[in-house]
2 protein chains.
Amino acid sequence: MLQILDSMCILLAKSEQKHFSYTKKMLDQSGLEISPGQLVVLYSLFTKDNISISELSKNVLLDNSTLTGLIDRLEKAGFVMRIDTPNDRRSYQIILTEKAKSHKSTILQLMKQIESKMLEGSSEAEIFMFRSILQRILINFNS
Amino acid sequence: MLQILDSMCILLAKSEQKHFSYTKKMLDQSGLEISPGQLVVLYSLFTKDNISISELSKNVLLDNSTLTGLIDRLEKAGFVMRIDTPNDRRSYQIILTEKAKSHKSTILQLMKQIESKMLEGSSEAEIFMFRSILQRILINFNS
DNA sequence: TTCTTATAATTGGTATGCAAATTTTATGTA
DNA sequence: TACATAAAATTTGCATACCAATTATAAGAA
């Protein structure tokens, strides 16, 4: 085992790095023309779209400025549209296109596949504990 | 709990994202003038320096091209030096400066502090299992 | 020795991410 | 109404990361 991985922080970082690379590889192979960052945005929009950038930023834990670029690329690729918000000319509503909706099940299936790969060899009990520790980490770093 | 976090993959990604931000904040406050990426490189070099970029890239699980920039900034900040490799004019050896060595204990202490924050509220047994699952994830994504 | 192939490091292009600054529009106050 | 303040989105600048291409050098084969 590499020396740096004796640090739990670095182990976490590298696990995510490899997860990101694997996700990117799988998306490339799928032909969906979606990036890992876009995947998270779409996943959130599948549950609730027709919301502003600011609302979306809360849902996906990303800064507005990060979302601007992500939405630009998603819009260019035909997965979402910006439509005017009534009574507020500062903001837009982000809505899914038919193209996005038509790929929903494929996308969700791919995500399940990646999750399976990630958790291969771990028991239900281990996964349950893993989830609760990650949730605690998120809370710890937000306070 | 946010909807997107029902995906273990996204939960992992967001945990690391928050860890990264927290590390950046702590480093900023410390006045060390080191970035999170540089921290990992220094941590590895503390164990073994006087190695080439290629060797280092294996030790820190980063691409050569990523390391070039990181080493550039570390060199500029006076933490490392590139010295010529004897008998191979293509490569350099990366060595720590006295400045880097003088900050070693401060840096290691800061890392411990971040790890403590991260794992706050988790038991030894939970941490042990957490580590082993992360290691398995790393293996899963590398095969 | 010459040519091919491989290796070391860098550069350039793209995708995250954030913070700070900016632009435009709303809202609240005098 | 006029002005100050707030909010929504974007832009800019910086730090990761990767891949693909490039440059320089080394090593092996003919």
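Lettering follows sequence order; numbering is per chain, from 1.
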**Student:** Need one value for Thr85(B): base, sugar-phosphate or nothing, where a base atom within 4.0 Å counts as base even if backbone is also close, heavy atoms only.
**Tutor:** nothing

**Student:** For nucleotides 16-22 of chain D, just jot down a letter per nucleotide in 5' to 3' order: B, S or -, based on protein non-hydrogen atoms under 4.0 Å.
**Tutor:** SSBBB--

**Student:** Please state how far atom CD1 in Ile53(B) lies from atom P in dA24(D), giving the value in whole angstrom units.
**Tutor:** 18 Å

**Student:** Grab the CG-C1' distance between Leu67(A) and dT11(D) for me, whole Å please.
**Tutor:** 15 Å

**Student:** If you link I, L, V, M, F, W and Y whenever their side-chain heavy atoms are under 4.5 Å apart, who else ends up in the same group as Ile95(A)?
**Tutor:** Met81(A), Ile83(A)

**Student:** To the nearest Å, how far apart are Asp72(A) CG and dA9(D) P?
**Tutor:** 13 Å

**Student:** Rounded to whole Å, please give me the gap between CG in Leu27(A) and P in dA15(C).
**Tutor:** 13 Å

**Student:** Which ILVMFWY residues are connected to Tyr92(A), directly or by a chain of links, through side-chain heavy atoms under 4.5 Å apart?
**Tutor:** none

**Student:** Just the rounded figure in Å: distance from P of dT7(C) to NZ of Lys58(B).
**Tutor:** 10 Å

**Student:** What salt bridge (charged side-chain N to carboxylate O under 4.0 Å, His left out) pairs are there with at least one residue in residues 103-123 of chain B, not counting sequence neighbours?
**Tutor:** none

**Student:** Round to a whole Å and report the spacing from CD1 of Ile71(A) to P of dG17(C).
**Tutor:** 13 Å

**Student:** Rounded to the Å, how far apart are Ile51(A) CD1 and dA8(D) P?
**Tutor:** 13 Å

**Student:** Do NZ/NE/NH1/NH2 and the carboxylate oxygens of Glu55(B) and Lys58(B) come within less than 4.0 Å?
**Tutor:** no

**Student:** Run the side-chain hydrogen bond (donor to acceptor under 3.5 Å, both in side chains) test against Thr85(A) and tell me which residues pass, sequence neighbours left out.
**Tutor:** Ser91(A), Gln93(A)

**Student:** Within the side chain of Arg131(B), is there an N or O that forms a donor-acceptor pair under 3.5 Å with the backbone of Asp6(A)?
**Tutor:** yes

**Student:** Tabulate atom names and distances for all N/O pairs under 3.5 angstrom spanning the protein and nucleotides 25-28 of chain D.
**Tutor:**
unit_1: dA26(D); atom_1: OP1; unit_2: Arg89(B); atom_2: N; d: 3.0

**Student:** Go through the structure and list residues passing salt bridge (charged side-chain N to carboxylate O under 4.0 Å, His left out) with Asp72(B), not counting sequence neighbours.
**Tutor:** Arg82(B)

**Student:** Just jot down the salt bridge (charged side-chain N to carboxylate O under 4.0 Å, His left out) partners of Lys18(A), sequence neighbours excluded, or say none.
**Tutor:** none

**Student:** What does Ser91(A) touch in the nucleic acid at a heavy-atom separation under 4.0 angstrom: a base, only the sugar-phosphate, or nothing?
**Tutor:** sugar-phosphate

**Student:** Suppose the criterion is ring-ring contact (aromatic ring centres under 6.0 Å, His included): which pairs have a residue in residues 17-49 of chain A, not counting sequence neighbours?
**Tutor:** His19(A)-Phe141(B), Tyr22(A)-Phe141(B)

**Student:** dA8(D) P sits how many Å from Arg82(A) CZ, rounded?
**Tutor:** 16 Å

